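Working notes, beginning with the structure itself.
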Amino acid sequence: MASLGVNIDHIANVRQARRTVEPDPVSYALLAELGGADGITVHLREDRRHIQDRDVELLRHTVRSRLNLEMAATAEMEAIALRIKPDMVTLVPEKREEVTTEGGLNVAGQLESLKGLVGRLQDGGIGVSLFVDADAPQLEACAASGARWVELHTGTYAEASWEQQPLELARLTEGSFIARSLGLRVNAGHGLTYQNVEPVAAIEGMEELNIGHTIVARALAVGLQQAVKEMKALVQNPRRDPLFGSRHP
Ligand code: PXP
C-alpha cells in the first residue's frame, strides 16, 4: 500500500503573493498530518518563490511524520540540507523560468558529481531520492549513484491524452519494476490528481506518492485536512481496473 507525501509549496505561494505571514505553511503541515499525510514535502527553490528558509527550519521542528526536502543539486542547497537534516532529500532539476519542475533529473549526464552529493547527504544521515523519468538508462544511473530511492516523474502520464495514458502507465509500471530489480525503492509524483492517481497508486512496489497542487486546490473547497483524507483514501485503496473514471468525492 502506497503512502502519501503532501507537498505544501502552494500554501507558501499564496503567502508570497502578498509577502505577508499568512497562510503559514507550517500550520498547514499540521493539518495535512491530521488528515493522514505520511510525509510533508517542500521544495526550497533557488529563487525562494514560495517556500522560505525559515519554513524549512520550522518544519524540521514541527513535522511529526517525515520531512522531504526537494532541492536542486547545488552547493548552497547541500549546505542547507546538511544543517537542517530533513528525513529525505529529493534531488530535482530546476530552471529559474519554469512554472513547476519540468521533467526528471539527468542523472546519467552528471553521475560523478551526483555520486559525491548523494554520498555526503547519506553520510549526514539523510535519505536521498532522485526524481527521474521512468527510463532504464536513468534508473541504472540512479542505482550507480548510490541513492536508495527514486521518484518516478508522473507528469507525462498526467498530461497524456486518454489514448496515450495507458502507455504512459505501462512505462511507469515497467520503470517501477526495473528500479526495484536494481535494488532501488520507488516513489512517484507530479501532476497527480484525484482523477488520475489510482492506477499509479496501484503499481506494484509503489511506496509513496508526492502530491501537491490538486490537494491544495481541493482544500479551497473542503479544507486541507479533509482534502488530504480524501486523497489518502484513493492512494491506500486504489481501484485496479484500467478505466480512468472519476471517483472524485
Ligand atoms: N514531486 C516533485 C519532484 C515535484 O517537483 C512536485 C512539484 O513540486 C511534486 C512531486 C508535486 O507535484 P504536484 O504539485 O503537481 O502534485
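In each ligand, atom 1 is the first atom listed, and ligand 1 is the first ligand listed. Start at 1 with the first residue, then count along the sequence. Every value quoted in this text rests on a predicted model; they were computed, and no experiment measured them.
At a heavy-atom cutoff of 4.0 Å, ligand 1 is contacted by the side chain of E70 but not by its backbone.
At a 4.0 Å cut-off, not a single heavy atom of T90 sits close enough to ligand 1 to count as contact. Every heavy atom of T214 sits 4.0 Å or more from the atoms of ligand 1.
Ring planes of H213 and H10: perpendicular class, angle over 60° (limits at 30 and 60°).
Of the listed residues (V197, L234, T154), just one forms a side chain to side chain contact (heavy atoms under 4.5 Å, CB included) with I211, and that residue is V197.
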Dump the intermediate steps for side-chain contact (heavy atoms from CB on, under 4.5 Å) on V92 and L105, then the final yes or no.
CA-CA 6 Å; V92 298; L105 195 64; 5.9 Å; no
Tell me, with the steps shown, if R120 and V128 meet side-chain contact (heavy atoms from CB on, under 4.5 Å).
CA-CA 10 Å; R120 291 189 296 277; V128 180; over 6 Å; no
Walk me through whether R15 and D55 qualify under salt bridge (charged side-chain N to carboxylate O under 4.0 Å, His left out).
CA-CA 12 Å; R15 178 190 60 193; D55 300 328; 2.6 Å; yes
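Close approach of ligand 1 to V92 (heavy-atom distance below 4.0 Å) involves ligand atoms 3 (C). For ligand 1 and N210, the ligand atoms under 4.0 Å from any heavy atom of the residue are 10 (C), 11 (C). The H213 neighbourhood of ligand 1 comprises atoms 13 (P), 14 (O), 16 (O), with distances under 4.0 Å to a heavy atom of that residue. Residue F131 approaches ligand 1 through these ligand atoms, each under 4.0 Å from one of its heavy atoms: 3 (C).
Ion pairing of E33 with R64 is absent here, as no side-chain N (NZ or NE/NH1/NH2) approaches a carboxylate O to less than 4.0 Å. Of the charged side-chain nitrogens involved, none lies within less than 4.0 Å of a carboxylate oxygen, so that D53 and R83 do not count as a salt-bridged pair.
Looking at E94, H50, E151, it is E151 that brings a heavy atom closest to atom 1 (N) of ligand 1. The heavy atom nearest to atom 15 (O) of ligand 1, considering only G191, G104, S129, A188, is found in G191. Of the candidates H43, H190, R45, it is H190 that places a heavy atom closest to atom 7 (C) of ligand 1.
Of the polar atoms of I211, none of the N or O atoms is found under 3.5 Å from an N or O of ligand 1, judged by distance alone.
Follow the hydrophobic side-chain contacts under 4.5 Å out from V56 and you never reach M88; the two are in separate clusters.
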